[in-house]
Amino acid sequence: MPTPRRHAAAAAAATLLALAALPLSAQAPAAGKLKVGLMLPYSGTYAALGTAIENGFRLYVAEQGGKVGGREIEYFRVDDESDPAKATDNVNKLIKRDAVDVLVGTVHSGVVAAMAKAAKESGTTLIVPNAGASVVTGPMCGPNIFRSSFSNWQPAYAMGEVAAKKGHKRAVTITHKYAAGDESVGGFKEGFEKGGGKVVKELNLPFPQVEFQALLTEIASLKPDAVYTFFAGAAAVKFVKDYAAAGLKKSIPLYGPGFLTDGTLEAQGADAEGLLTTLHYADGLNTPRDNAFRLAYVKAYKLQPDVYAVQGYDAAQMLGIGLAATKGDIGKKAEFSAALRKAKIDSPRGAFTLSASHNPVQDIYLRQVSNKENKLVSVASKALADPGKGCSMK
Ligand code: BEZ
């Protein structure tokens, strides 16, 4: 005869077995707050970018009534200062000290590499809302690592094609010397040289230095047909102003990925007027989705949104898609990943899907600065997918 205690234990075990046999959708949703670790720059050259990403993320969560996948969100924030030397310590504050469920970050390509490594080792889900480093969706790719932004190659390659089609033959490139700058120049060179152009000189300076004068003098003496540049945030403001002050804007067209003029136009003023850039977002898309997003963003923050805000917003959307499929359980990695891999993400930039390496496949727009807006000119490259070199999903 079983004792009442044994009877109760057997019943509990039977319930557990029955639960495990139920389809996922019939199981109880995960409970409690979901801990989101935001690792972003809140100081230094990219501070404004970090803030815009967080604003966008929080806006999407607020639109869902403060819950994503049925879970309330608890935020943990670390200022990574865009400093690769501090990246491992910073990401471990979120993973080990705060025990976050999901990591969202970051902006700087040199910092994100440490985040991807830590995410791989710990199994923590990582959504990258900016940094375009090829390593993230290349050799370091993984089933728990996703990007809501772009690869450094994407807007750069598109701009290389645009510059070649304009008939430019000799270009000089100038950038900060780190992964983002190098990969951006690489993408531009590929598109430009395929179209018959030649990059005659690659100039650079260490991040985050902004002493451009000697390099601008060199550009003037090289007299190229065009200059391609990767700078963002506060560095982009200074570069555009210095380029104009050196008298180069009048004589040598300046091109770049749209980071050169996104979120910077108030500070750049007339010196940015007329600049052509390529990016996965533009002002004046004038779609119902983007118009609604922009209205909501302005209402919430009394600021115009930029590409960084869109990427933060979409990082939260992606989290929502994964959690909806797992009833709020971030631990169900395979289901979370499968949901995102087949999703069409309804972004303000235009709907996008994820490639096999979890990078957005998206339209790249050609934009021109006019009256402090990055006005849409045309689609420079339709549904452009990063090659995802070196990614093997394990
Ligand atoms: C990067 O480091 O990947 C990056 C930083 C700012 C804007 C775009 C890319």
Side-chain angles (χ1 to χ4, degrees), residues 39-54 56 79-87 90 104-116 126-138 140 145-159 173-188 204-210 228-240 255-265 268 277-281 305-312 314-315 349 359-360 362 364 367 374 386:
M39 178 157 151
L40 292 165
Y42 297 109
S43 58
T45 307
Y46 293 157
L49 288 60
T51 300
I53 289 168
E54 179 170 347
D79 177 5
D80 68 34
E81 303 168 48
S82 293
D83 186 347
K86 297 180 182 165
N90 280 331
V104 177
T106 186
V107 167
H108 187 286
S109 277
V111 175
V112 83
M115 293 188 78
L126 168 64
I127 304 177
V128 179
N130 186 70
S134 62
V135 73
V136 170
T137 49
M140 295 286 291
I145 299 176
F146 306 89
R147 187 146 52 198
S148 68
S149 52
F150 60 93
S151 74
N152 290 319
W153 178 88
Q154 284 176 306
Y157 179 79
M159 184 43 97
T173 64
I174 175 166
T175 177
H176 273 141
K177 180 79 194 143
Y178 78 105
D182 292 347
E183 291 172 10
S184 187
V185 165
F188 172 78
N204 50 60
L205 75 172
F207 180 88
Q209 287 180 19
V210 287
Y228 175 81
T229 186
F230 168 88
F231 290 111
V237 172
K238 181 153 192 304
F239 184 77
V240 164
Y255 301 110
F259 314 112
L260 188 66
T261 55
D262 238 73
T264 54
L265 289 174
Q268 287 164 334
T277 60
T278 43
L279 202 63
H280 46 287
Y281 191 54
D306 55 21
V307 70
Y308 310 106
V310 171
Q311 294 167 173
D314 290 339
R349 75 187 82 170
N359 191 68
Q362 56 194 340
I364 304 294
R367 315 107 47 87
N374 287 292
D386 179 82

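In listed order, ligands and their atoms are each counted from 1.
- Side-chain atoms of Gln268 never come within 3.5 Å of backbone atoms of Val240 as a donor-acceptor pair (strictly under, hydrogens ignored).
- The parts of Ser109 lying near ligand 1 are both backbone and side chain, judged by heavy-atom distances below 4.0 Å.
- Heavy-atom proximity to Ala180, at under 4.0 Å, picks out these atoms of ligand 1: 1 (C), 2 (O), 3 (O).
- With a heavy-atom cut-off of 4.0 Å, Phe230 touches ligand 1 through its side chain alone.
- Taking atom 1 (C) of ligand 1 as the reference point, the nearest protein heavy-atom neighbour is Val107 O, 3.1 Å.
- Short contacts between ligand 1 and Tyr178, defined as distances under 4.0 Å to a heavy atom of the residue, involve ligand atoms 1 (C), 2 (O), 4 (C), 5 (C).
- Counting the atoms of ligand 1 from 1 in the order shown, those under 4.0 Å from a heavy atom of Asn152 are 3 (O).
- At a threshold of 4.5 Å between non-hydrogen side-chain atoms, the residues Tyr42 and Thr51 count as touching.
- With a 4.0 Å heavy-atom cut-off, ligand 1 is reached by the side chain of Phe150 but not by its N, CA, C or O.
- Within ligand 1, the atoms closer than 4.0 Å to a non-hydrogen atom of His108 are 2 (O), numbered from 1 in the order shown.
- Of all atoms in ligand 1, numbered sequentially from 1 with element shown, those under 4.0 Å from a heavy atom of Gly132 are 3 (O).
- Put simply, the side chain of Asp386 does not reach to within 4.5 Å of the side chain of Tyr157, judged on heavy atoms.
- Not one N or O of Tyr46 is nearer than 3.5 Å to an N or O of ligand 1, by distance alone.
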(request) List the steps, then state whether ring-ring contact (aromatic ring centres under 6.0 Å, His included) holds for Tyr46 with Tyr308. (result) CA-CA 11 Å; Tyr46 293 157; Tyr308 310 106; 8.2 Å; no

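- Of all atoms in ligand 1, numbered sequentially from 1 with element shown, those under 4.0 Å from a heavy atom of Ala232 are 6 (C), 7 (C).
- Using a 4.0 Å cut-off to heavy atoms of Ala131, the atoms of ligand 1 that qualify are 3 (O).
- In this structure, the side chain of Asp182 does not engage the main chain of Val185 through any donor-acceptor pair within 3.5 Å.
- For Lys86, the NZ atom sits in a loose shell: 12 or fewer heavy atoms of surrounding residues, nucleotides or ligands are nearer than 6.0 Å.
- What sits closest to atom 9 (C) of ligand 1 on the protein, heavy atoms only, is Asn130 ND2, 3.5 Å.
- The aromatic rings of Tyr178 and His108 sit parallel, their planes meeting at an angle under 30°, below the 60° perpendicular limit.
- Proximity of the aromatic rings of Phe230 and His176 is defined here by a centroid distance below 6.0 angstrom, and this criterion is not met.
- Gln311 places no side-chain N or O within donor-acceptor distance of the main-chain N or O of Val128, the cut-off being under 3.5 Å.
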